[in-house]
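Some notes on the structure that comes next.
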Amino acid sequence: MSTVPAKLDATDLALGRTWLAHERTLMAWVRTATSMISFAFTIYKFFQLENSSGRTGGPQGMFSPRDFAIFMVSIGLVSLFLATIEHRRELKQINAQMSTKRYSLAGVVAILVSIFGLAVLISTVLRL
């Protein structure tokens, strides 16, 4: 048994395209946040390895690699959080006009990436 209406009108099709555009936008934010989080963690771990091998001993810059990692992971998490809130708000308005309810897979991915980002942030703060 299909849940798709027998005949879709132009409004339903337009709302469907708008829904998918919002999904793509949130996925772009997820991709950006993931890049920031993984880049920050990689920089942190690279310099942690360098410091443990005793190769570096020069002067530190304005930020330590750990500070940089915490800052970048925080930016990634905050941007993803704000984008997810905006996404949910917009989809709630679209859902009110649609004939069938849809659920956001991009929202689920955003939650999973946020959990990953929080784990990275905690491990960086605790110096694990």
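In this structure, CD1 in Ile94 is found 13.5 Å from NZ in Lys92, a value given to the nearest 0.5 Å. Residue Leu13 holds its CG atom at 6.0 Å from CZ of Arg17, rounded to the nearest 0.5 Å. Atoms OG1 and CD1, from Thr32 and Ile37 in turn, are 10.5 Å apart once rounded to the nearest 0.5 Å. The structure places CD of Gln93 at 8.5 Å from NE2 of His22, a figure rounded to the nearest 0.5 Å. For the atom pair Glu23 CD and Thr18 OG1, the distance stands at 12.0 Å (nearest 0.5 Å). In this structure, CZ on Phe71 lies 13.0 Å from CG on Leu121, to the nearest 0.5 angstrom.
When all heavy atoms of Ala40 and Met72 are compared, the closest pair comes out as CB-CB, 3.4 Å. Contact detail for Asp12 and Ser99: the closest heavy-atom pair is OD2-OG, 3.6 Å. Nearest heavy-atom pair across Ser79 and Trp29 is CB-CZ3, 3.9 Å. Closest heavy-atom contact between Ala110 and Leu26: CB-CD2, 4.3 Å. The shortest non-hydrogen separation linking Tyr44 to Arg127 is OH-CA, 3.3 Å. Residues Leu91 and Ser104 approach most closely at CD1-CB, 3.9 Å, considering heavy atoms.
Connection of Phe46 to Phe39 is established within a shared hydrophobic cluster, with ILVMFWY side chains joined at heavy-atom distances below 4.5 Å, either directly or through further cluster members. Criterion: ILVMFWY side-chain heavy atoms under 4.5 Å apart, direct or through other members. Under it, Met27 and Leu80 are part of a common hydrophobic cluster. Linking Ile, Leu, Val, Met, Phe, Trp and Tyr whenever their side-chain heavy atoms come within less than 4.5 Å puts Val120 and Val125 in one cluster. There is no path of hydrophobic side-chain contacts, each under 4.5 Å, that joins Ile75 to Val73. By the criterion of side-chain heavy atoms lying less than 4.5 angstrom apart, applied directly or through intervening Ile, Leu, Val, Met, Phe, Trp or Tyr residues, Met36 is not grouped with Ile70; the two fall into different hydrophobic clusters.
Environment of CZ in Phe68: crowded, with over 12 heavy atoms of neighbouring residues, nucleotides or ligands closer than 6.0 Å. Within a 6.0 Å sphere centred on CZ of Arg89, heavy atoms belonging to other residues, nucleotides or ligands number more than 12.
Arg66 places a side-chain N or O within donor-acceptor distance of the main-chain N or O of Thr124, the cut-off being under 3.5 Å.
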### Query
Can you list the steps and then say if Ser64 with Phe47 is a side-chain contact (heavy atoms from CB on, under 4.5 Å)?
CA-CA 9 Å; Ser64 71; Phe47 282 106; over 6 Å; no
